[in-house]
Structures are given as C-alpha cells and as structure tokens.
Amino acid sequence: MTKNYKRRNTTTLNINTMKDLNWSSLSFGYMKTDYNVRCYYRNGKWGEIEICSDEYINMHMAATCLHYGQEAFEGLKAYRCPDGKVRVFRMDENAKRLQSTCRGILMPELPTELFEEMVRKVVTLNQEWIPTYESGATLYIRPLLVGTGAQVGVHPANEYLFLIFVTPVGPYFKGGFYANPYVIIRDHDRSAPLGTGIYKVGGNYAASLLANKKAHDLGYACEFYLDAKEKKYIDEAGAANFFGIKNNTYVTPKSTSILPSITNKSLMQLAEDLGMTVEQRHIPEEELETFEEAGACGTAAVISPISRIDDVETGKSYVFGDKPGPVSEKLYNLLRGIQYGTEEDKHGWTKVVIE
Ligand code: PLP
Ligand code: COI
C-alpha cells in the first residue's frame with residue numbers, strides 16, 4: 001500500500017511499506033508483528049539488545065515469574081503523525097515507573113537509556129505496522145520484564161528477561177471517545193493499601209479479572225474499585241485512573257493502591273495549563289454526585305468519558321450524561337494534539353522515533 005504523507009516543510013514523504021490493513025476497524029487486541037527486542041540480565045548485568053522474530057519464550061519451568069509472580073509490564077504508544085514523523089509519549093516516565101516496580105518486587109532495574117533505545121528499535125523495526133493517522137489507531141508498545149531464574153523457595157530470581165513487543169490497536173473502550181457506563185464492584189479488591197497496586201505487576205490484573213467479568217456481564221464497560229480498607233473512597237478502574245470535573249477543578253484520587261498513571265499526570269498538568277484548579281485527594285463515593293463530568297484515563301483508554309457509575313450494592317447511580325463533557329473534550333483534544341505533534345509540546349513530552 002502506498003500512502004503520501006505531507007511533512008511540515010511541505011515536501012512529501014512516500015511511505016510505500018505499510019501493511020495493507022483496515023486500520024480503523026482494529027480493536028484493542030494482539031496481532032503478530034515482525035520483530036520483538038529482548039535483553040537478558042545474567043551474572044548481575046544487562047546484556048546486549050537482541051532482535052527476535054519468535055513470538056515465544058523458552059524458559060525454565062521453575063522460573064519465578066511463573067510461580068511467584070515476578071513479572072512487570074508497561075504500556076505506551078507510537079503515533080504516526082500528520083507531519084510524517086512517528087512520536088512516542090513520555091517513554092522516560094514508563095521507564096521510571098518500571099524501575100519503581102522493580103524496586104517493589106525485587107527485580108533488577110532497567111536503565112532508562114536502555115529502555116528508550118529498545119523502544120526506538122522495536123518501533124523502527126515494525127514501522128510498517130504503525131496505523132495511519134486518519135484511522136485513530138496506534139501502535140501499542142508492551143514492555144515486559146520477567147524473572148526467568150529457577151527458584152522453588154520464595155526468593156527473587158537471579159536471571160531476568162526484558163522484552164518489548166508491539167501490536168497495532170484500536171480503542172480500549174467501546175467507541176473510543178464515547179461515554180460508557182461503569183460499575184462499582186464492592187465484593188472484590190484489586191489491591192491492598194500497602195500492597196502492589198502502585199506497581200504494574202501482573203498479579204493486580206489477575207485480581208481484577210473476575211470483577212471485570214462481572215462488570216461486563218452486567219453490561220458495563222469496566223469495573224471501579226473503592227479503597228480496600230474503608231470501602232469509602234474511589235480508587236480506580238481495572239485498567240485506568242479516575243478523574244472528575246466540577247467548578248473548573250480537575251479532581252483525581254490520591255491513594256496508595258492505584259497505579260500512578262502517566263496519562264493522568266499529563267492531564268493534571270494540562271488542566272493546570274488551562275487555568276483549572278487541580279486536586280489530588282481522597283474522593284468519597286458520594287462526592288461523585290457533585291461532578292459535572294467524569295472520565296477514565298490511561299494509555300489504552302486515553303480519556304474515556306463516563307456516562308454513569310452505578311453502585312449495584314447500594315442501588316445508587318451517579319449520572320454524568322451520554323455525551324462527553326466540554327472539559328473532557330478540551331483535555332482530550334489537547335492531549336491527542338500533543339501526541340500527534342499538532343499541538344505545541346510545551347513540556348517536551350514527546351520524542352520523535354522516526355523522522
Ligand atoms: N491504572 C491501571 C490499573 C492501568 O492498568 C493503567 C494502564 O496503564 C492506568 C491506570 C493508566 O496508566 P497510564 O496512563 O500510565 O497508561
Ligand atoms: C495501558 O493503558 O497501557 C494498560 O496497560 C491497560 C491494560 C491494557 C492493562
């Protein structure tokens with residue numbers, strides 16, 4: 001397939017090596033691409049970057065990732081921009097969060113430079129799989145770190161594999177920027193107040209599978225968790241943070257059991273740039289009543305406006321409306337604009353990985 005992309009300097013770049021896919025019909029799922037990149041940690045140090053076309057990992061049956069959950073992942077995206085360049089968003093933040101996760105579950109920290117080099121490499125190697133700008137789809141980048149060393153006692157491994165694969169994706173929640181209903185699930189906790197919720201480890205997602213299924217079976221886009229200790233405050237959704245808007249204020253939960261979302265951190269900054277007040281604090285469930293708009297946010301979700309949140313156990317329903325609110329829309333457009341290089345990147349959040 002041949003496509004012409006206008007560059008900023010008005011010369012035309014001929015991209016004749018894109019896969020012939022119906023990019024706009026993609027869902028958020030796995031599709032095989034051409035390469036992944038890998039790096040092994042052995043004898044106390046990280047090795048060379050290896051390029052691989054195998055989708056499989058050969059590992060010891062006693063690997064710590066299989067038994068004791070020594071596993072962490074990240075999620076970020078590459079954007080094919082209207083100026084013909086490919087950008088990634090705040091990858092240094094993903095590297096830092098992975099380092100924090102490593103400290104949390106005793107894995108060796110991967111240096112930011114190595115993380116960034118591997119992101120650049122895997123995106124460049126798979127550039128034919130980066131969806132078109134017009135489609136709204138993106139290339140999802142999934143870094144994964146697993147303990148591969150064998151242990152039977154509960155101890156950290158002495159060997160690790162870090163790899164990154166990519167896959168083209170469409171929207172995580174139905175319709176993309178479209179309001180969906182969510183539900184508070186009270187009979188499950190995703191993570192404990194002093195547990196692993198602040199780390200991006202697979203165990204948190206295993207803990208969310210049943211609650212997520214219940215939410216879907218009831219017809220909701222996703223489940224919301226309350227804080228595990230008091231069951232009083234909004235924590236987050238299974239794969240996204242929460243924000244509410246009222247009186248020109250952006251309010252988002254402060255909690256020791258939620259993932260520090262890079263999207264949320266960016267939206268807080270953008271809200272501040274727009275002259276809004278930003279509050280990161282406990283949000284009691286009843287306060288939901290007072291928000292003019294509400295949304296879920298994350299790399300996969302981007303901003304996913306919330307039409308209503310039902311608390312099925314108490315019978316309460318907090319309604320925000322079937323259409324995305326004006327502030328959510330403004331924030332969405334600004335964030336997307338920065339990611340696609342069409343809005344000024346004042347904070348230096350994006351990096352061009354393909355010129
Ligand atoms: N919360 C959870 C549980 C997530 O899985 C994600 C996705 O990464 C987020 C929040 C959003 O984080 P980010 O904006 O860094 O993607
Ligand atoms: C993300 O937003 O990157 C996520 O990790 C969400 C989910 C696919 C786990």
Side-chain angles (χ1 to χ4, degrees), residues 1-6 13-38 51-57 73-91 94 115-144 162-178 200 205 221-222 239-240 261-263 296-304 332 335-342 349-355:
M1 179 174 152
T2 301
K3 270 250 160 189
N4 292 325
Y5 284 93
K6 282 252 156 164
L13 176 73
N14 219 4
I15 296 181
N16 56 8
T17 54
M18 285 182 63
K19 297 288 170 194
D20 191 9
L21 287 182
N22 185 1
W23 303 106
S24 46
S25 69
L26 287 176
S27 60
F28 194 94
Y30 177 78
M31 180 184 291
K32 183 183 187 311
T33 53
D34 294 330
Y35 301 101
N36 56 83
V37 290
R38 303 182 180 198
I51 297 168
C52 186
S53 53
D54 189 356
E55 289 170 284
Y56 292 87
I57 302 172
F73 70 100
E74 274 299 328
L76 62 160
K77 285 174 173 172
Y79 306 86
R80 192 183 289 285
C81 303
D83 64 3
K85 299 181 182 181
V86 175
R87 290 176 173 80
V88 295
F89 187 68
R90 306 195 79 173
M91 62 173 156
N94 291 94
F115 184 95
E116 292 197 1
E117 190 184 343
M118 288 177 72
V119 169
R120 283 176 190 279
K121 198 157 261 183
V122 75
V123 172
T124 306
L125 284 165
N126 292 291
Q127 57 185 284
E128 296 175 25
W129 295 96
I130 309 170
T132 58
Y133 170 66
E134 296 78 14
S135 67
T138 49
L139 189 74
Y140 186 68
I141 304 167
R142 172 53 66 88
L144 174 75
F162 176 68
L163 67 80
I164 311 183
F165 70 77
V166 294
T167 191
V169 293
Y172 193 69
F173 292 117
K174 204 179 79 189
F177 193 64
Y178 175 90
K200 203 159 169 68
Y205 298 83
C222 193
S261 156
I262 296 158
T263 313
C297 63
T299 298
V302 194
I303 287 181
S304 195
Y332 177 85
L335 178 70
R336 300 293 279 168
I338 294 169
Q339 290 167 335
Y340 282 101
T342 57
W349 286 339
T350 59
K351 286 199 173 120
V352 172
V353 293
I354 303 176
E355 284 283 350

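Values reported hereafter were calculated over all heavy atoms of this structure, with side chains retained and with hydrogens, waters and symmetry mates removed.
With hydrogens and angles left out, the side-chain atoms of Lys200 and Tyr205 include a donor and acceptor closer than 3.5 Å.
Side-chain N or O atoms of Asn36 include none that pairs as donor or acceptor with a backbone N or O of Val122 at under 3.5 Å. Between the side chain of Asn94 and the backbone N or O of Gly75, at least one donor-acceptor pair lies under 3.5 Å.
The aromatic ring centroids of Tyr340 and Tyr133 lie less than 6.0 Å from each other. Between Phe28 and Tyr140, the ring centre distance stays below 6.0 Å.
Residue Tyr35 qualifies as open at atom OH: its count of foreign heavy atoms under 6.0 Å is 12 or below.
Applying side chain to side chain contact (heavy atoms under 4.5 Å, CB included) to Val37 and the options Leu163, Val119, Val123, Leu125 leaves one that passes, Leu125. Residue Arg336 forms a side chain to side chain contact (heavy atoms under 4.5 Å, CB included) with just one option from Val302, Ile303, Thr342, and that option is Val302. Between Val353 and the choices Arg87, Lys121, Met91, the side chain to side chain contact (heavy atoms under 4.5 Å, CB included) rule is met once, by Met91.
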For this session: Kindly indicate, with the supporting measurements, whether the criterion side-chain contact (heavy atoms from CB on, under 4.5 Å) is fulfilled by Thr33 and Phe165.
Result: CA-CA 8 Å; Thr33 53; Phe165 70 77; 5.6 Å; no
Problem set entry | Verdict with supporting geometry, Arg120 and Lys351, side-chain contact (heavy atoms from CB on, under 4.5 Å) | CA-CA 10 Å; Arg120 283 176 190 279; Lys351 286 199 173 120; 3.7 Å; yes
Exercise. Checking side-chain contact (heavy atoms from CB on, under 4.5 Å) for the pair Trp23/Glu134: CA distance, chi angles, key distance, verdict?
Worked result: CA-CA 9 Å; Trp23 303 106; Glu134 296 78 14; over 6 Å; no
For this session: With side-chain hydrogen bond (donor to acceptor under 3.5 Å, both in side chains) as the test, would you mind laying out the steps for Lys85 and Tyr79 before giving the verdict?
Result: CA-CA 8 Å; Lys85 299 181 182 181; Tyr79 306 86; over 6 Å; no
For this session: May I have the step-by-step check of side-chain contact (heavy atoms from CB on, under 4.5 Å) for Lys77 and Ile130, ending in yes or no?
Result: CA-CA 10 Å; Lys77 285 174 173 172; Ile130 309 170; over 6 Å; no
